[in-house]
Protein chains: 2
Amino acid sequence: MSLTTTPPLADMATDTAADTGSQHIRDTLRDAIVERRLAPGTKLSESDVGELFNVSRTLVRAALQALSYEGLVSVEKNRGAFVAHPSIDEARQIFATRRLIEPGVVRAAAPHIGKAELAELRRMLAAERQLTEQRGHSARRAEIKASGDFHLALADLSRNAILRRFMDELIARSSLVIALYGQSTVSSCGHNEHDEIVNALERGDVDTAAKLMVHHIDHIEADLDLRVHKSTDLKAALEL
Amino acid sequence: MSLTTTPPLADMATDTAADTGSQHIRDTLRDAIVERRLAPGTKLSESDVGELFNVSRTLVRAALQALSYEGLVSVEKNRGAFVAHPSIDEARQIFATRRLIEPGVVRAAAPHIGKAELAELRRMLAAERQLTEQRGHSARRAEIKASGDFHLALADLSRNAILRRFMDELIARSSLVIALYGQSTVSSCGHNEHDEIVNALERGDVDTAAKLMVHHIDHIEADLDLRVHKSTDLKAALEL
DNA sequence: TTTCCTTAAATCGTACCCGATTTAAGGACG
DNA sequence: CGTCCTTAAATCGGGTACGATTTAAGGAAA
């Protein structure tokens with residue numbers, strides 16, 4: 001658990017934000033979950049987490065509740081909190097929602113994309129591609145995050161805070177789903193579909209960009225194994 | 001405050017739900033906010049609320065944090081929680097997001113609408129219309145809720161829990177926005193646009209239904225006064 | 001040895017408490 | 001008479017404590 005070794009990660013810029021303390025815990029835990037350092041189903045004991053962060057259960061509870069609302073952890077009454085373990089059905093719903101929302105995100109973002117924004121997107125793509133070529137676990141995790149960050153960058157450009165929050169949740173939960181049901185060793189967001197989307201945006205072809213986004217999401221979902229294991233109860237228990 | 005007089009409202013069916021206690025507080029507060037019994041900007045003191053529910057501040061804090069995450073209350077560090085007071089900009093974002101999502105909700109719901117579901121929708125519309133014809137504050141509040149419930153019923157029919165949650169938040173916040181910026185005494189969801197949407201759905205014309213939904217949202221937003229008051233700071237202070 | 005029951009450990013739910021911060025009040029000074 | 005400063009009240013942030021619930025362990029009976 002490298003969580004303990006995260007001392008001065010800087011909680012700067014907590015200007016308009018929330019209650020300082022739990023914020024840090026929440027963010028750290030979320031990163032750990034999204035980057036798959038914490039496997040789905042892992043128990044997040046309030047006392048344990050509190051010890052890791054050197055805080056009381058009070059703050060941990062607040063953080064866990066927030067993460068629960070984001071769908072990243074599931075709290076079971078009198079049993080504790082666990083890293084979420086989305087069902088096949090939830091996985092489908094997540095991607096259905098993304099297919100519904102993300103084309104709109106692209107359309108909403110398009111008008112706000114100028115030279116500077118385009119450059120920033122390109123920079124992200126370059127970093128992403130570089131990670132794809134690297135080997136090793138940490139590179140893989142970084143790639144997952146980078147891939148999601150692209151989608152979130154687009155959401156940012158929509159200048160719509162609510163949309164951005166929705167996307168935040170969808171991307172985070174997608175990461176969990178991919179961790180659970182992803183099969184191909186291929187990068188989560190394959191090929192260079194991101195590039196093509198940016199290309200379309202650059203030449204002002206918003207319709208195509210939106211269409212490409214839908215296809216892109218289709219491809220991500222297609223890379224998953226969402227077949228229902230009939231022996232769910234039995235087999236699932238054995239797998240964990 | 002009829003809040004106190006809510007003793008055995010039954011917290012039944014807390015099967016898969018959350019932490020019993022704060023859940024009840026959260027729901028009660030949310031209803032009060034959505035139905036405009038609590039005006040935007042109203043301070044929600046932890047001690048006061050706790051006294052009303054006969055619980056400690058601990059539970060109240062949890063409830064307020066949850067509502068904060070839903071955007072219904074805003075908590076300011078070291079100052080307390082207040083019923084959210086969405087800015088003009090937020091209001092626009094909320095409706096922009098609804099325009100983006102709700103047509104998709106209609107499309108997602110359509111395949112699941114059979115005879116029974118249609119009847120249920122019609123039943124809701126009838127109840128809504130009946131409220132429209134009544135006079136008085138309580139009828140007005142009930143109408144607001146009923147109007148939102150229609151949109152939520154559609155979200156339910158999409159059989160997509162995530163989408164449903166997003167809609168939950170959007171509808172709740174819309175209610176706040178209408179409370180703040182609504183001008184016409186006309187019902188929040190005017191005329192019988194809801195009926196037309198259902199009609200389109202009944203004859204299987206999903207495209208039209210989706211289009212009608214967008215127009216419907218446009219109309220709701222058009223009924224608002226979203227002009228920026230240049231004297232925001234001064235005037236807003238006087239209005240409350 | 002397997003099953004069931006009893007008992008102990010661990011963990012959660014929630015009340016209570018204290019230090020820190022904000023807000024309001026009251027006076028002194030200009 | 002209005003501004004600024006000091007001081008007290010109210011309120012929040014976060015920690016600790018205790019009862020309740022769950023889970024695991026150990027032993028008795030079949």
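So you know, we letter chains A, B, ... as the sequences are listed, proteins then strands, and number each from 1.
The two residues A:Ile178 and A:Leu224 come nearest to each other via the heavy atoms CA-CD2, 4.0 Å.
The CD-C1' distance, from B:Glu76 to D:dG13, rounds to 15 Å in whole Å. We find that CG of A:Asn78 is positioned 14 Å from P of C:dT11, with the value rounded to whole Å. Straight-line distance from the CG atom of B:Leu64 to the C1' atom of D:dT11: 13 Å, rounded to whole Å. In this entry the distance linking CD of B:Glu51 with C1' of C:dA15 reads 14 Å, nearest Å. Atom CG of A:Leu59 is separated from atom P of D:dG13 by 11 Å (rounded to the nearest Å). Regarding B:Gln65, its CD atom lies at a distance of 15 Å from the P atom of D:dC12, rounded to whole Å.
Going from atom OG of A:Ser174 over to atom CE of A:Met167 covers 8.0 Å, rounded to the nearest 0.5 Å.
Each of C:dA15, D:dC12, C:dG13 was ranked by its minimum atom distance to the side chain of B:Val55; first place goes to C:dA15. Side-chain atoms of B:Ser56 lie closest to C:dA15 of the nucleotides C:dC12, C:dA15, D:dC12. Comparing atom distances between the B:Arg79 side chain and each of C:dT23, C:dT21, C:dT14 picks out C:dT23 as nearest. The side chain of A:Ser47 approaches C:dC12 more closely than any other nucleotide in the set D:dT16, D:dG13, C:dC12. With C:dG13, C:dA15, C:dT22 as the candidates, the nucleotide lying closest to the side chain of A:Glu46 is C:dG13. Comparing C:dC12, D:dG13, C:dA15 against the side chain of B:Arg61 picks out D:dG13 as the nearest. Residue B:Lys43 places its side chain closer to D:dT11 than to any other of C:dA15, D:dG13, D:dT11.
A donor-acceptor contact under 3.5 Å is not formed by the side chain of A:Arg57 with the base of D:dG14. A donor-acceptor contact under 3.5 Å is formed by the side chain of B:Thr58 with the base of C:dC16.
A donor-acceptor contact shorter than 3.5 Å links the side chain of B:Glu90 to the backbone of B:Ser87. Checking side-chain atoms of A:Thr97 against main-chain N and O of A:Gln93 turns up a donor-acceptor pair under 3.5 Å. Remark: the backbone N or O of B:Leu157 is paired with a side-chain donor or acceptor of B:His112 at under 3.5 angstrom.
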